[in-house]
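Notes for the one structure printed next.
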Protein chains: 2
Amino acid sequence: MNKAIFIIGVSGSGKSTIGKLLSEYLNLPFFDGDDYHSNENIAKMSKGIPLNDQDRYGWLQSLNRLANGQLENNSCIIVCSALKQSYRDILSEGIEGMTKWVHLHGTFEQIAERINNRKGHFMTSDLLKSQFDILEDPKEALQIDISKTPNEIVETINDQFLEKSDIGLFGLGVMGKSLSRNLAQKGFEISMYNRHITGLEENVAKDFKLEFEELSAAIPFDDVKSFVHSIQKPRKIMLMVKAGKTIDLVIGDLLPHLSEGDILIDGGNSNYNKTKERIAYLKSKKVHFIGVGISGGEEGALKGPSIMAGGNRDAYIKVKHFLEAIVAKDINNLPCCTYIGNEGAGHFVKMVHNGIEYVEMQLLAEVFGVLKAMNKNPDEIADILASWKNMSNSYLLEITIDILRKKENNDWLINKIIDKADNKGTGNWANIASAELGTPSTLIASALFARFTSFYKEDRVIANLNFSKKKELNFNLEYEDILNAYQFARIINHYQGFSLLDQASNKYEWHLNLSEIARIWTNGCIIKSELMRQLVKTLKTNSNILADKEFIQQVSELFVSSKKVVSQGVLNEISIPCMSDSINFFNAYKTAKSSANLMQAQRDYFGAHSYQRTDDASGIYHHTNWKNK
Amino acid sequence: MNKAIFIIGVSGSGKSTIGKLLSEYLNLPFFDGDDYHSNENIAKMSKGIPLNDQDRYGWLQSLNRLANGQLENNSCIIVCSALKQSYRDILSEGIEGMTKWVHLHGTFEQIAERINNRKGHFMTSDLLKSQFDILEDPKEALQIDISKTPNEIVETINDQFLEKSDIGLFGLGVMGKSLSRNLAQKGFEISMYNRHITGLEENVAKDFKLEFEELSAAIPFDDVKSFVHSIQKPRKIMLMVKAGKTIDLVIGDLLPHLSEGDILIDGGNSNYNKTKERIAYLKSKKVHFIGVGISGGEEGALKGPSIMAGGNRDAYIKVKHFLEAIVAKDINNLPCCTYIGNEGAGHFVKMVHNGIEYVEMQLLAEVFGVLKAMNKNPDEIADILASWKNMSNSYLLEITIDILRKKENNDWLINKIIDKADNKGTGNWANIASAELGTPSTLIASALFARFTSFYKEDRVIANLNFSKKKELNFNLEYEDILNAYQFARIINHYQGFSLLDQASNKYEWHLNLSEIARIWTNGCIIKSELMRQLVKTLKTNSNILADKEFIQQVSELFVSSKKVVSQGVLNEISIPCMSDSINFFNAYKTAKSSANLMQAQRDYFGAHSYQRTDDASGIYHHTNWKNK
C-alpha cells in the first residue's frame with residue numbers, strides 16, 4: 001500500500017535532512033513543503049510579513065493535492081512543519097488511511113543550540129518559542145528523538161512504517177514463482193523481485209502478485225534497493241536466477257544494499273566450485289552465502305521440493321525454518337531438507353542427484369526402445385510400465401506412463417517429439433567430477449553421451465541410410481526380464497552415484513551422511529523412488545550398496561535377466577548403453593583378477609612407468625626391459 | 001673446456017667494471033689482479049715508488065698460479081693491465097690453450113676524459129701517456145672498443161668465447177635424456193640442464209654426458225643462468241619437466257635470464273588450457289612459448305617420436321628444423337611433426353592421442369580377457385595376436401605380443417603383474433574436454449573408468465566372493481570374430497577421437513588438418529598402426545570416417561562379428577566395456593529416430609523445458625501440460 005509520509009516538527013528539528021535521507025534510503029520521491037507556497041505567500045514573506053492561518057490553508061491544500069497525486073503511483077515523502085492539528089487535517093484530507101506522520105521531537109534547548117550552530121541561519125529565541133507554543137502534540141505520529149543520528153532515525157522510520165518481509169525472492173522465473181507461492185502459502189511474508197527490462201520484462205512481480213490469491217500480502221519490486229530494504233534483518237534473500245555469471249552480477253547488484261549478517265541463498269544449479277568461491281568472497285564482505293540444490297521441478301517447487309543445503313552451518317540454521325516449511329515430507333513426515341556440508345557440498349550433491357536422474361531417464365528411454373522394437377505401441381508400453389509399479393516405482397516411471405498415454409488428434413504425442421535430448425550442464429559436471437575424483441561413474445557418462453549423440457540428428461539420418469539395418473528382429477524376452485534388467489541397472493546407477501558422493505566426501509572432508517541424503521531424496525525430488533526408500537536403511541550401515549546382504553541377493557537374481565536383455569539388445573541392434581554399462585561395470589567390479597595387468601605392462605613397456613608384483617607384498621614398483629627375450 | 005679470461009688494457013679503460021659484470025653474467029669467479037700484489041710491492045707502492053718489471057714478474061706469476069688453480073674446476077675472469085707481451089707470457093704460462101685475452105681499447109682522449117670524470121681518481125696526462133707508450137698491441141686478444149655500453153661489451157665477450165649451443169634441454173628425466181641423445185646424434189650442439197639436489201640429484205647432466213659418446217660435445221649444467229647464456233640467441237629451450245605447477249616454477253626460474261624473442265618449448269603432457277595461459281603470459285614478456293605434444297615413450301624420444309606443435313606459428317618456424325630432424329619419418333619419408341594450430345592446440349591433440357591410446361590399450365585388455373576366458377595361455381594368445389598383424393597391425397599389438405611371451409622362471413611375467421592400471425591425467429582431460437565440447441567420446445570415458453575400477457582392487461576381491469560366478473563358460477566364437485570385434489571397436493574409437501578433434505577445431509578456430517594429424521601419427525607414436533595409415537587418405541576428403549564409403553563397407557562387415565563377441569561376452573560375464581560401447585554407440589549413431597524423444601518429453605513434464613516437434617519445421621519450442629488427459 002502506498003503511503004504519504006509527512007516529516008513534521010518545529011523549525012530546526014532537521015526535517016529536510018531526514019526527509020532527503022529517507023527518500024534516498026527508500027528510493028521514494030521527496031518534496032519540501034516550502035517549495036509549494038503561492039506567489040502571494042512568497043511576496044508576503046519576502047516583505048517580512050508573517051503568514052496567517054488563512055494564507056496557510058491554501059498552501060496546505062496544495063500539499064494535499066501533491067500527496068494525492070503521488071499516491072496514485074507510489075509512496076512519497078513530504079516535509080512540512082504542520083504544527084497544528086488543523087493543518088494536519090488539511091494535509092491528510094481524503095488520504096487519511098495512507099498518511100503517516102513522523103514528528104521529529106526535541107527540547108527547546110536542543111533545537112535552539114542546533115539552530116545557532118547552523119551557518120547562515122538565524123532565529124530569535126522568541127520566534128522558536130512561538131513555534132513551541134503553537135505545537136499541538138501529534139498523537140498519531142511516530143515520535144522520534146532528534147538526538148539520534150540521522151541514519152538511526154531513517155532506519156527507525158523504515159522499520160516502523162514499511163512492511164518488513166520475512167524473506168526475499170530474487171528472480172521470478174518458473175522456479176522462483178513456484179517457490180514464492182509455496183512460501184506465501186506457508187504464511188511467510190515475502191518480498192518478490194524481478195528485473196525491469198523495457199518491452200520484455202515489465203511489472204513482472206506486480207503482475208504475478210495479482211495472479212494468485214496467496215500472494216495478496218507479498219510485496220512486489222523491480223528496484224533492487226527497495227526490495228532489499230523491505231526485508232527484515234538479518235535479511236534472507238533467495239536467488240532464483242540462471243546459474244553461471246548471472247549469479248555474480250546479481251551479487252554485485254545486491255551487495256551495496258546488504259548489511260552485515262545478511263544471508264544470500266543460491267537456489268539455482270550452480271557449479272559447486274563456484275559456490276565455494278562465492279562463499280569465501282562474501283565472507284570477506286560479512287555476508288553469508290548458502291548454496292542450496294532444489295529438486296522437484298516446477299511442481300515440486302510449488303508443492304514441496306527436496307532441498308540440499310551447503311555452506312556455513314550457522315547461516316543455514318537461520319533459514320532452516322523457511323526451507324523446512326516449504327519442502328516435501330518423507331514417509332515419517334520429516335522435511336526433505338537437510339544441511340549437507342561446508343562449501344559447495346549442497347550443489348555437489350544436487351549435481352550428483354542430476355547425474356543419477358540422467359541415468360534414470362536414459363534407462364527408461366532404453367526400456368522404451370526395447371519395447372518399441374518388440375512392436376509395442378505407446379499405450380501398450382504404458383500398460384507394461386504401469387504393471388512395474390509394484391516392484392520398481394518411481395516418479396520418473398509414473399510421469400513416463402503419463403507421457404506415453406498422452407494423445408493429440410488420435411495419435412500419441414510422443415511420436416511428434418523430435419528425438420534430441422537437451423542438457424543444462426549438471427550431467428556434464430557430474431562426469432567431470434567423477435573423472436577428477438577417480439571414480440568410475442560409467443552410467444552417468446553414458447547417459448550424458450547418449451544425449452550428445454541424440455543431437456547428431458543429421459549424421460544419424462545419413463548413417464541410417466548408409467548402414468543397412470537388421471531386417472528381422474528376434475527377441476526372446478519376457479517383460480519381467482526387461483523389468484529386472486531395468487532394476488539391475490538402476491541399482492548399479494545408485495551404487496555409482498552414492499560412491500561418487502562418498503569419494504567427494506572423503507576428498508573434501510564434507511562428512512556427508514549418505515543415508516540422510518537418500519532420505520531427503522525419497523520425496524519432492526525427481527529421483528524419488530521405492531529404491532531410494534530402501535537405500536535410506538541400507539546406507540545407514542553401509543556406504544557401499546553392493547556390499548549389503550539384501551542387495552547382494554537382489555542384484556544376483558536380477559543379473560540373470562539383465563544378461564539376457566543386454567545380449568539380445570546387442571544382437572537386435574538396439575542402443576542400450578546404460579544397461580550395457582551396468583553389466584560391464586558389474587562384471588569388472590566382481591572380477592578379483594582382471595586383465596588390467598596387461599595395460600600396466602604396456603605402460604611399463606613404452607613409458608617405463610613400472611608396475612607392482614603379485615609376489616612382492618612390499619608394493620615396490622618394478623621395471624622390466626620387455627624386449628629381452 | 002674451462003678458460004681463463006684476462007681483461008686487459010690501460011688504466012681507466014674500465015677493466016674492473018667489465019670484469020665484474022661479465023662475472024655476474026656468466027656466473028664465473030672474478031679476480032682483480034691488484035689484490036694479488038706481494039707485501040713488498042704494496043709497501044713500495046704506498047711509498048709512491050713505481051714498480052719495476054722485476055717487481056711485476058713475481059706478481060704476474062702469482063696471477064698465473066691463481067689461473068692454474070681455478071682452471072682445475074672452472075673458468076675464471078682475471079683483470080690485469082698486462083700491457084707488455086712479456087707480462088702476458090708469464091700470465092699464460094702452461095695454460096696457453098685455455099687463456100683468452102680481452103683488450104679494452106680506446107684512444108688517449110677517450111680514456112683521459114673518462115679518468116677525469118671519475119670521482120676520487122686522478123691521473124696525470126703524463127702517467128696515462130706512459131701507459132700508452134709501453135702498450136704492446138695484443139694481437140691474439142679480442143679487441144673491444146670501449147665506446148660500447150658495458151652490456152654490449154659483456155655480450156660481445158660472451159658471444160666470442162663461450163661455446164654457443166643450438167638448443168637447450170631443461171630436465172633430464174627419461175624423456176629429456178632420450179631427446180638430448182636424439183638431438184646430439186643429429187649433430188646439434190646442445191646444452192643440458194638438470195637441477196642440483198644435494199644427495200638426490202647431483203651432477204646429473206655431467207654424469208649423463210659421460211655415459212654416451214654422442215654427448216661429447218654437449219655442455220652440462222646445473223646452474224640455470226649459465227645454461228641459458230650458453231645457448232645461441234634467439235634461444236630455444238625445450239622443457240622436459242613434470243607437467244603441472246613445475247612448468248610455471250621453471251618459467252619463473254628461466255625468465256630473468258631470457259632475452260626478447262627467446263623460445264621455450266614445453267614438451268610435457270601439459271593441459272591445453274594451461275598452455276594457452278602460458279603463451280599469453282610469456283607474450284607479455286616478449287618470450288615465445290610453444291606447447292608440443294611428444295609421443296613415442298622412451299624409445300620413440302630416442303629414435304624418433306611423433307611431435308604435435310602448437311602456439312605461435314612464427315616461433316614454430318624457428319624450431320622446426322630441430323623437431324623435424326629428431327622425429328620419426330612416415331612412409332613417404334616425411335617427418336612425423338607438424339604445426340597443429342594456435343594456443344594449446346598441440347597439447348590438445350596430444351591429449352586426444354592419449355585418449356585414443358587408452359582405448360586401444362583397453363581393447364587389447366578386453367581381447368586378452370576374452371581369450372583367457374576361452375582357456376588360452378599367454379603364449380597361445382600371443383600367437384593368435386601375431387596372426388592378426390596382417391589385418392590389424394599396430395605398435396600396441398606388437399608390444400602386447402612381446403609382453404605375453406615374456407617369461408620369468410618358467411612362468412609368464414604377465415601373471416605376476418598386479419591388475420591395477422594407473423593413469424597420469426591425459427585420459428581424464430580428454431573425457432572432460434569431450435563433456436565440455438558436447439562430443440560423445442564414450443570409449444575414452446569407458447577406458448578411463450576401467451582403469452579407475454581396476455584400482456578398486458579390495459572391493460573387487462570382496463565382491464568376487466559375494467557374487468557367485470558363472471561356472472561353465474560357453475563361447476561359440478572363432479578367433480576371427482574376436483579380431484573383427486576388436487577392429488570394429490578400433491574404428492569407432494578412431495571415429496570418436498577425430499570427431500573430438502573436429503569439434504575442438506570448430507569451437508576454438510584452430511583449423512586442424514585431421515589428415516595431417518593422422519599422418520604424423522603413422523610413425524613414432526604409441527598409436528601408430530595400419531588403420532592410422534588408412535585414415536590419412538580417408539580424412540583428406542572426409543572428417544567423418546563413418547561417412548566414408550570404404551569404411552562403411554568395412555564397418556558393416558565387422559559389425560556381424562562384433563555383435564557375436566559382445567553378446568557372448570555379456571552372457572559369459574566378461575567385462576568388455578569398450579567393445580560394448582562401440583556397439584551401443586554405433587547402434588545409436590545409425591538410428592534415425594531414437595528414443596531420446598522420451599527424455600525430452602520427461603524434461604518438459606517436470607521442468608517445463610519444452611521440446612521441438614516433428615511436424616513443425618520452424619524449430620519452435622513447445623510446452624505441454626502432460627497431466628491433462
Side-chain angles (χ1 to χ4, degrees), chain A residues 174 297-298 361 365 368-369 399 402-403 406 416-419 421 428 431-432 435 438 440 442 445 449 452-454 460-461 463-464 466-467 526 552 563 566-567 570-571 573 575 577 580 583-584 587-590 592 594-602 605-608 611-614 626, chain B residues 174 297-298 361 365 368-369 399 402-403 406 416-419 421 428 431-432 435 438 440 442 445 449 452-454 460-461 463-464 466-467 526 552 563 566-567 570-571 573 575 577 580 583-584 587-590 592 594-602 605-608 611-614 626:
Chain A
V174 170
E298 188 177 6
M361 291 166 72
F368 179 47
I399 73 168
D402 283 352
I403 288 167
K406 184 85 178 177
K416 297 276 183 277
I417 296 182
I418 288 187
D419 54 336
N428 254 353
N431 180 39
I432 291 169
T442 56
F449 291 146
F452 289 170
T453 309
S454 78
R460 288 197 281 117
V461 170
N464 185 253
N466 284 336
F467 295 99
I526 305 293
I552 289 170
K563 288 186 287 184
V566 170
S567 59
V570 165
L571 291 172
E573 304 180 12
S575 186
S580 291
I583 289 220
N584 279 301
N587 282 336
Y589 181 78
K590 71 186 183 70
S594 77
S595 304
N597 56 347
L598 179 62
M599 292 192 280
Q600 198 67 344
Q602 289 167 333
Y605 190 117
F606 65 70
Y611 58 87
Q612 291 170 299
R613 291 179 63 106
T614 55
W626 293 88
Chain B
V174 170
E298 189 178 3
M361 291 165 72
F368 179 47
I399 73 169
D402 283 351
I403 288 167
K406 184 85 178 176
K416 297 275 182 278
I417 296 183
I418 289 188
D419 54 337
N428 255 352
N431 181 36
I432 291 169
T442 57
F449 291 146
F452 289 171
T453 309
S454 79
R460 288 197 281 118
V461 170
N464 186 252
N466 285 335
F467 295 99
I526 305 294
I552 289 171
K563 288 187 286 185
V566 170
S567 60
V570 165
L571 291 172
E573 304 179 14
S575 185
S580 292
I583 289 220
N584 279 301
N587 282 337
Y589 182 79
K590 72 185 183 68
S594 78
S595 303
N597 56 347
L598 178 63
M599 292 193 279
Q600 197 68 344
Q602 290 167 332
Y605 190 116
F606 65 69
Y611 58 87
Q612 292 172 297
R613 291 179 64 108
T614 55
W626 293 87

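Quick caveat, the model's predicted, so the values are computed rather than measured. In what follows, chains are A, B, ... by sequence order, proteins preceding strands, each numbered from 1. Every heavy atom of this structure was used, including side-chain atoms; hydrogens, water molecules and symmetry mates were not.
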(message) For chain B, which candidate among A/A601, A/G607, A/A445 shows the most heavy-atom pairs at distances under 4.5 Å?
(response) A/A601

(message) What part of A/I403 gets within 4.5 angstrom of chain B, counting heavy atoms only: side chain, backbone, both, or neither?
(response) both

(request) With a 4.5 Å cut-off on heavy-atom pairs, point out which of B/S575, B/P440, B/S580 contacts chain A the most. (result) B/P440

(request) Quick one: do A/K406 and A/D402 satisfy side chain to side chain contact (heavy atoms under 4.5 Å, CB included)? Show the steps, please. (result) CA-CA 6 Å; A/K406 184 85 178 177; A/D402 283 352; over 6 Å; no

(request) Give, for atom CD1 of A/I526 and atom OH of B/Y605, the distance between the pair rounded to the nearest 0.5 Å. (result) 10.5 Å

(message) Counting heavy-atom pairs closer than 4.5 Å to chain A, which one of B/V566, B/V461, B/N428 comes out on top?
(response) B/N428

(request) Examine whether an atom of A/L571 lies under 4.5 Å from a heavy atom of chain B, and if so say whether it belongs to the side chain, the backbone or both; otherwise answer neither. (result) both

(request) Please answer whether the main-chain N or O of B/A421 pairs with a side-chain N or O of B/S454 as donor and acceptor at a distance below 3.5 Å. (result) yes

(request) Side chain from CB out, backbone as N, CA, C, O: work out which of these in B/I552 comes under 4.5 Å of a heavy atom of chain A, or both, or neither. (result) both

(message) So for A/Y611, is it side chain, backbone, both, or neither that comes closer than 4.5 Å to the heavy atoms of chain B?
(response) side chain

(request) Supply the atom-to-atom distance B/R613 CZ to A/I417 CD1, rounded to the nearest 0.5 angstrom. (result) 7.5 Å

(message) To the nearest 0.5 Å, what is the distance between OG on B/S594 and OH on B/Y589?
(response) 14.0 Å

(request) Please determine, among A/G297, A/G369, A/A463, the option with the most heavy-atom pairs under 4.5 Å with chain B. (result) A/A463

(request) Below 4.5 Å from any heavy atom of chain A, which atoms of B/I399 appear? Answer side chain, backbone, both or neither. (result) both

(request) Quick one: pull up CD in B/Q602 and CH2 in B/W626 and give me the separation to the nearest 0.5 Å. (result) 10.0 Å

(message) Shorter than 4.5 Å, heavy atoms on both sides: which option in A/V174, A/N466, A/I583 has the most such pairs with chain B?
(response) A/N466

(request) Measure the spacing between CG of A/N584 and CD of B/E573 and express it to the nearest 0.5 Å. (result) 11.5 Å

(request) Quick one: which of B/E298, B/K416, B/Q612 has the most heavy-atom pairs under 4.5 Å with chain A, could you say? (result) B/K416

(message) B/K590 vs B/N587, test: side chain to side chain contact (heavy atoms under 4.5 Å, CB included). Steps then yes/no.
(response) CA-CA 5 Å; B/K590 72 185 183 68; B/N587 282 337; 3.6 Å; yes

